[in-house]
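A, B, ... follow the sequence lines: proteins, then strands. Residue 1 opens every chain. On a predicted model such as this, the values are computed, not experimentally measured, just so you know.
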Amino acid sequence: MDLWQRVNEWYAQNARPLPWREPGFSAWGTLVSEFMLQQTPVTRVIPRLAEWLERWPTPAHLAADPASEAVRAWHSLGYPRRALWLHRAATTITEKHGGVVPREVEALLALTGVGDYTARAVAVFAYGERHPVVDTNTRRVIARAVRGQGEAGPPQAAADLRAMSELMPTETLAAATFNAGIMELGAIVCTARSPRCGDCPLAEICAWRGSNYPEYLGPKKAVQKKYEGSDRQVRGLILAAAREATGPVTDAEITPLWPDSTQRDRALSSLVRDGLLVVSTEPTPGYILNHE
DNA sequence: CACTCGTGGAG
DNA sequence: TCTCCAAGAGT
């Protein structure tokens with residue numbers, strides 16, 4: 001039995017009942033969920049996604065509201081630029097695609113915030129197109145089951161897509177299921193820390209397990225910089241203040257948020273550069289969320 | 001290509 | 001406590 005068959009049969013029995021897998025879930029919903037899921041765990045996304053889609057059921061609904069509302073509705077999902085980019089994508093979809101989320105990978109890639117993964121995920125999961133979809137879970141499963149390595153190492157877009165293409169079944173529907181299934185397997189069985197090989201449909205054919213779990217010696221993924229004391233933390237503090245405020249946040253309110261003025265200024269100007277904050281003078285001088 | 005960009009939960 | 005890591009993308 002092929003690897004994809006094992007995965008698809010397992011998926012049919014074990015897929016979690018996630019919102020974006022319900023029948024009739026919109027392409028817009030898929031796009032929103034994929035934005036939110038970029039580097040944010042499923043459990044934190046689910047409640048925010050529901051709120052978001054209730055408030056903005058189509059791209060046009062979101063485009064009609066200011067970007068600042070999108071950033072507020074993002075709450076603390078992290079990487080708030082994604083909210084800005086999603087609002088921008090909604091505007092582009094409304095103005096240039098007749099309000100319909102595009103189904104072609106090329107058109108999706110042209111949207112800000114949509115990269116290699118998200119474009120293919122939308123084309124495949126929302127529209128049933130046949131493409132390889134490669135995320136961190138997929139990469140880990142392939143590294144272990146096929147290459148016999150405990151970790152996937154740094155992403156290599158071209159090679160990763162090729163590897164997935166070679167494993168994917170020919171038939172379009174089965175290919176879509178396989179894309180979802182191998183991700184799901186990586187998410188709940190072949191996890192990064194403690195894989196549950198006893199529950200894995202690939203256990204018998206897994207190259208990593210077959211060679212008794214050799215230690216991974218290849219190139220390591222870039223280490224994530226410490227958050228504590230980082231510019232990201234300072235940005236987070238400043239943006240949280242702006243998100244909660246009703247009017248402009250003044251310098252007097254920003255200053256006590258962080259002791260180091262150099263770092264504080266750097267964080268503030270980077271928020272302005274990113275378009276998350278803009279300078280306002282009414283009714284008092286300060287910074288507000290960009291309403292575009 | 002290396003670096004940057006949030007936040008919170010699990011182990 | 002502290003480290004790791006989570007459906008990535010842009011520069």
Side-chain angles (χ1 to χ4, degrees), chain A residues 11 15-16 18-21 29-49 71 74-86 88-89 108-126 131-141 150-158 160-161 164 176 179-188 190-196 216 219-243 263 266-267 269-271 273-276:
Chain A
Y11 184 72
R16 291 168 294 178
L18 299 172
W20 44 90
R21 291 177 181 161
T30 301
L31 182 66
V32 174
S33 72
E34 294 299 350
F35 262 87
M36 291 183 170
L37 287 164
Q38 293 168 3
Q39 297 288 282
T40 301
V42 167
T43 52
R44 290 178 53 204
V45 164
I46 289 173
R48 296 292 87 78
L49 176 65
V71 173
W74 201 252
H75 293 267
S76 59
L77 285 176
Y79 294 144
R81 293 186 298 185
R82 290 181 291 165
L84 208 55
W85 292 338
L86 181 50
R88 195 172 301 162
L108 287 160
L109 281 173
L111 302 170
T112 312
V114 175
D116 226 38
Y117 164 76
T118 302
R120 293 163 185 278
V122 171
V124 172
F125 302 140
H131 299 287
V133 181
V134 178
D135 81 325
T136 186
N137 294 303
T138 300
R139 297 185 65 255
R140 185 172 52 250
V141 173
E151 299 175 26
Q156 299 181 54
D160 293 340
L161 286 172
M164 186 57 182
N179 275 307
I182 195 166
M183 283 172 61
E184 185 76 346
L185 188 62
I188 67 182
C190 191
T191 57
R193 299 238 190 146
S194 44
R196 303 165 50 205
Y216 177 72
K220 305 283 266 187
K221 277 188 282 192
V223 196
Q224 197 171 44
K225 216 168 147 190
K226 184 156 69 173
Y227 179 67
E228 199 66 28
S230 68
D231 284 9
R232 284 185 295 161
Q233 182 181 17
V234 186
R235 284 169 54 106
L237 291 169
I238 296 173
L239 196 67
R243 196 192 291 127
Q263 192 179 16
R266 190 170 61 232
S269 46
S270 76
L271 287 169
R273 186 164 50 250
D274 285 348
L276 282 162

Inset, instruction - Just jot down the salt bridge (charged side-chain N to carboxylate O under 4.0 Å, His left out) partners of A:Arg235, sequence neighbours excluded, or say none. - result: A:Asp274
Inset, instruction - Not counting sequence neighbours, which residues clear side-chain contact (heavy atoms from CB on, under 4.5 Å) with A:Ala242? List them please. - result: A:Val249, A:Leu277, A:Leu289
Legend entry - Non-neighbouring partners of A:Arg193 that pass salt bridge (charged side-chain N to carboxylate O under 4.0 Å, His left out), sequence neighbours left out: none
Legend entry - A:Glu184/A:Arg16 under salt bridge (charged side-chain N to carboxylate O under 4.0 Å, His left out): CA gap, chis, key distance, verdict: CA-CA 8 Å; A:Glu184 185 76 346; A:Arg16 291 168 294 178; 2.8 Å; yes
Legend entry - Which residue lies more 5' along DNA chain B, comparing A:His75 with A:Ser194 via nearest heavy atoms: A:His75
Inset, instruction - Using a 4.0 Å heavy-atom cut-off across all strands, classify A:Pro155 as base, sugar-phosphate, or nothing. - result: nothing
Legend entry - Residues that A:Gln156 engages under side-chain hydrogen bond (donor to acceptor under 3.5 Å, both in side chains), provided they are two or more places apart: none
Legend entry - Residues which pass side-chain contact (heavy atoms from CB on, under 4.5 Å) with A:Lys226, listed by chain and number, not counting sequence neighbours: A:Glu228
Legend entry - Under 4.0 Å protein heavy-atom contacts per nucleotide of nucleotides 5-11 of chain C, with B for base, S for backbone only and - for none: BBBBSS-
Legend entry - Nearest-Å distance once atom P is located in both B:dG11 and C:dA7: 14 Å
Inset, instruction - Using the C1' atom on both, measure B:dC1 against C:dA9 and round to a whole Å. - result: 14 Å
Inset, instruction - Looking at every strand, decide which applies to A:Leu239 at a 4.0 Å heavy-atom threshold: base, sugar-phosphate, or nothing. - result: nothing
Legend entry - C1'-based separation of B:dC5 from C:dA6 [nearest Å]: 14 Å
Legend entry - Side chains of A:Val134 and A:Tyr117 in contact at under 4.5 Å (non-hydrogen atoms): no
Legend entry - For A:Glu34, all residues meeting salt bridge (charged side-chain N to carboxylate O under 4.0 Å, His left out), sequence neighbours excluded: none
Inset, instruction - On DNA chain B, reading 5' to 3', which nucleotide is the first and which the last to sit with an atom under 4.0 Å from a heavy atom of chain A, could you check? - result: B:dT4 to B:dG11
Legend entry - C1' gap between B:dG6 and C:dC4, integer Å: 15 Å
Inset, instruction - Could you list the residues that satisfy salt bridge (charged side-chain N to carboxylate O under 4.0 Å, His left out) with A:Arg139, not counting sequence neighbours? - result: A:Asp160
Legend entry - Integer angstrom distance from the C1' of C:dT1 to that of B:dG8: 16 Å
